[in-house]
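Below is one structure, written out as structure tokens; comments come after it.
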Amino acid sequence: MRKVILLMLALAVTSACSRKEPAPPAEVAEPAGSVAAENQEQSAQVDASARLNEIVEEYFEEMLVLNPVYATYIGDNRYNDRLSNTIGPEYRAASRALEEKYLAQINALDASSLEAQDLLTYEVFKSEREQAIEGFQYPSYLLPVNQFFSVPNLFAQLGSGASVQPFATVEDYDNFLGRIDGFVAWIDQAIVNMDEGRAKGIVQPRVLMERVLPQLASQVVEDPEQSLFYGPITRMPEAITGEERDRLSAAYSTAITTQIVPTYQKLHDYIRDTYLPDTRDSVGLSELPNGRSWYDYLVGETTTTALSAEEIHEIGLAEVARIRAEMERVKDEVGFEGSLNEFFDHLKEDPQFFYSEPEQLLEAYRSLKGRVDAAVPEMFSLLPKADFEIRPVEEYRQQSAAAASYMPSSPDGSRPGVFYVNTYDLKSRPRYNIEAIYLHEAAPGHHFQIALAQELDELPRFRRFGGSTAYVEGWGLYAESLGSELGMYQDPYSYYGALTAEMWRAIRLVVDSGMHAKGWSRDDALAFMRDNSSIGEADVVAEIDRYIAIPSQALAYKIGQLKIRELRTRAETELGDSFDIRGFHAAVLQDGALPLNVLEAKVDRWIASQRQ
């Protein structure tokens, strides 16, 4: 989702559409027929706008009923006791019916009179419904579990008490107990689906499922009080006392012993004994039936462009070559004698570049907060109200998690965002990467952009809480590129860290398209990443396996960043001395995460408005 300072203009336009304009003075009064035509046009605008908002809000309400965990994530607690069987046939049928119902409704709307925000909403909503319906032809439900994202891992985060599931009242505790039944049903369905996938030759790569087994095994404990799911009981608020406290403690012990642990054990044993022998050695999506078409669909969905996998591969190769040249310059600046690949090895091995304790790494990130917060107002007029915390990645998912990630705050600000730092294998977490990672995940990156979008109360909820992956991740990478302007990257090694992070995303274009469209093996992808970066081995392996698990998602970063940077360069060139970086960033941020093509059109309108 994309763009523009046109927000103020849009608000003015939409408010004008909601009221009747006063008649012009008598001496310049227009003919009665002209006034009538104008009033009729305004009435049509009001009617279309009202109907549009009715459609998108009704859709969102029905979508939340189908997706109760999503509701929890955005701070809507009405469905906290439910977990949908999202991979079951009934759910899939209901989901498709929902998309088709609302596509029909939006197609029946006369959009000719829509303007500004309403037009953006119409275009994005219609496109998303069409894309969702197209996606139903691809059987993702037959591949329900992987090591990077899966309901078993998500459920553990929810049940830990350290994520978005509330544990403040007796009702909150009872709600999670209710959600357990849905989890058990989901796991049973996953096994049915994986059996169907085995019969059809649609199975996961073996390397991914080998990573899944220890994740599942970590939730299998004999003593319920040692379970991650018992955490909310150990941290139960003091206000919950007496019989209720005893009841909940007993209920959680029973649920862990009789439902949660057996369910994780069941899935673990099924994958180990039945599924794993039928997994495949290949890693590319194109190796599956209709897999190349499936990947092409995902590329379009992720990037919101018409770029082909082959075009993206070539863009990636060109970006890798450009960034390598800049790395060569930094190598020479610091006086390293040797090849660039020897410089990579030096940066991966020299102890000066690493912390020895996890807390040192966490503190390094925390120390950046004040510096960045002080610099951001120089480049941004829009600042989020919500804050964020910095926490280590939970132990049970450290080995397969990325170096860092972000979980959004609640829309009302009652729950801060979380910037997760992976403290596993500190030899893969160099000091020189810290500034770039912080700018991407926190401010002015993901926390900044996502919190601002959630706080745009005037936007429909599907735009506040949804959006284009290419925009979201492209913004995160663009935020990294602002480091020098924000006073970061003053040390050449820190600047090299920013280049490393950018190279990482350029490599993704090459290896993701290479594995899923061009027949590359996992070893090919690992070798390319090792040869072109100083990323630690743990991250190299985790990243390549991530691209295998979620094809195309990794393309979003560089494609989105390149587009935002292209738009900034266009604005700087066309506006010259009148270019205002704060205005440009407001134009990009103030309408939520738009598809890249919609963002581009919106920024072009903003540029035109600045010339007037």
Side-chain angles (χ1 to χ4, degrees), residues 320 323-324 326-369 371-372 390-393 398-406 419-442 445 476-477 479-484 486-508 526 528-546 554 557:
V320 167
I323 298 166
R324 274 190 75 101
E326 187 67 4
M327 287 177 161
E328 290 275 9
R329 191 189 66 74
V330 174
K331 173 181 74 75
D332 294 341
E333 179 184 351
V334 299
F336 183 84
E337 297 182 1
S339 68
L340 184 59
N341 287 86
E342 288 172 334
F343 187 50
F344 291 163
D345 291 338
H346 167 67
L347 291 168
K348 286 188 285 189
E349 296 167 3
D350 194 318
Q352 69 172 306
F353 299 120
F354 304 94
Y355 292 108
S356 57
E357 297 295 333
E359 188 56 37
Q360 294 174 317
L361 179 64
L362 291 167
E363 186 55 37
Y365 278 107
R366 289 170 180 146
S367 70
L368 282 174
K369 199 170 189 301
R371 291 172 55 198
V372 175
I390 299 174
R391 299 181 194 168
V393 171
Q398 284 180 334
Q399 288 183 255
S400 57
S405 61
Y406 173 72
F419 171 24
Y420 282 106
V421 175
N422 196 338
T423 58
Y424 172 76
D425 186 16
L426 291 175
K427 283 287 289 180
S428 291
R429 320 293 176 203
R431 299 184 185 203
Y432 51 76
N433 282 350
I434 288 173
E435 289 183 345
I437 291 175
Y438 181 94
L439 295 177
H440 182 108
E441 300 293 345
L477 187 51
E480 290 181 28
S481 75
L482 301 178
S484 296
L486 290 168
M488 306 293 115
Y489 308 156
Q490 300 304 300
D491 179 87
Y493 287 109
S494 182
Y495 175 59
Y496 171 83
L499 291 174
T500 295
E502 188 177 17
M503 175 67 91
W504 190 349
R505 280 41 171 262
I507 288 170
R508 288 173 171 176
L526 289 168
F528 189 86
M529 182 168 273
R530 291 177 183 129
D531 289 346
N532 288 286
S533 76
S534 57
I535 299 170
E537 184 62 18
D539 274 341
V540 168
V541 173
E543 286 298 307
I544 293 301
D545 289 346
R546 164 187 170 177
Y557 300 73

Do the side chains of [X] and [Y] get close enough for a salt bridge, i.e. N-O under 4.0 angstrom?
X	Y	answer
Glu537	Arg530	yes
Glu359	Arg366	yes
Glu502	Arg505	no

Euclidean distance, [Y] [atom2] relative to [X] [atom1], rounded to 0.5 Å:
X	Y	atom1	atom2	value
Ile535	Phe344	CD1	CZ	9.0 Å
Ile434	Leu439	CD1	CG	12.0 Å
Tyr406	Glu441	OH	CD	10.0 Å
Ser533	Leu340	OG	CG	10.0 Å
Asn532	Ile323	CG	CD1	10.0 Å
Ser405	His440	OG	NE2	10.0 Å

Report yes if some heavy atom in the side chain of [X] is under 4.5 Å from a heavy atom in the side chain of [Y]; otherwise report no.
X	Y	answer
Glu357	Glu363	no
Tyr489	Glu480	yes
Pro358	Leu426	yes
Arg429	Tyr355	no
Pro430	Phe354	yes
Asp491	Tyr432	no

* Would you mind telling me which of Lys348, Lys331, Glu328, Met327 makes a side-chain contact (heavy atoms from CB on, under 4.5 Å) with Phe343? => Lys331
* To do: Please assess Val334 against Tyr496 for the test side chain to side chain contact (heavy atoms under 4.5 Å, CB included), listing each intermediate value before the final yes or no.
  => CA-CA 10 Å; Val334 299; Tyr496 171 83; over 6 Å; no
* To do: Please work out which of the three classes, parallel, tilted or perpendicular, describes the rings of Phe353 and His346, given edges at 30° and 60°.
  => perpendicular
* Asked: Going by the angle between their ring planes, with limits at 30° and 60°, are Tyr365 and Phe419 parallel, tilted or perpendicular?
  -> perpendicular
Exercise: identify the closest heavy-atom pair between [X] and [Y]:
X	Y	value
Ala498	Ala436	CA-CB, 3.9 Å
Trp504	Met529	CD1-CE, 3.9 Å
Asn341	Asp531	ND2-O, 2.9 Å
Pro492	Val330	O-CG1, 3.7 Å
Asn422	Leu361	O-CD2, 3.8 Å
Leu362	Ile390	CD2-CG2, 4.3 Å

* Apply side chain to side chain contact (heavy atoms under 4.5 Å, CB included) to the pair Gln352 and Arg431, showing each step before the final yes or no. => CA-CA 9 Å; Gln352 69 172 306; Arg431 299 184 185 203; over 6 Å; no
* So Arg371 and Leu368, side chain to side chain contact (heavy atoms under 4.5 Å, CB included) or not? Walk me through it. -> CA-CA 5 Å; Arg371 291 172 55 198; Leu368 282 174; 3.4 Å; yes
* For the residue pair Tyr495 and Glu326, confirm or rule out a side-chain donor-acceptor distance under 3.5 Å. => yes
* For residues Gln490 and Ser494, is any side-chain donor paired with an opposing acceptor at under 3.5 Å? -> no
* To do: Test Met488 against Tyr438 for side chain to side chain contact (heavy atoms under 4.5 Å, CB included), laying out the working first.
  => CA-CA 11 Å; Met488 306 293 115; Tyr438 181 94; over 6 Å; no
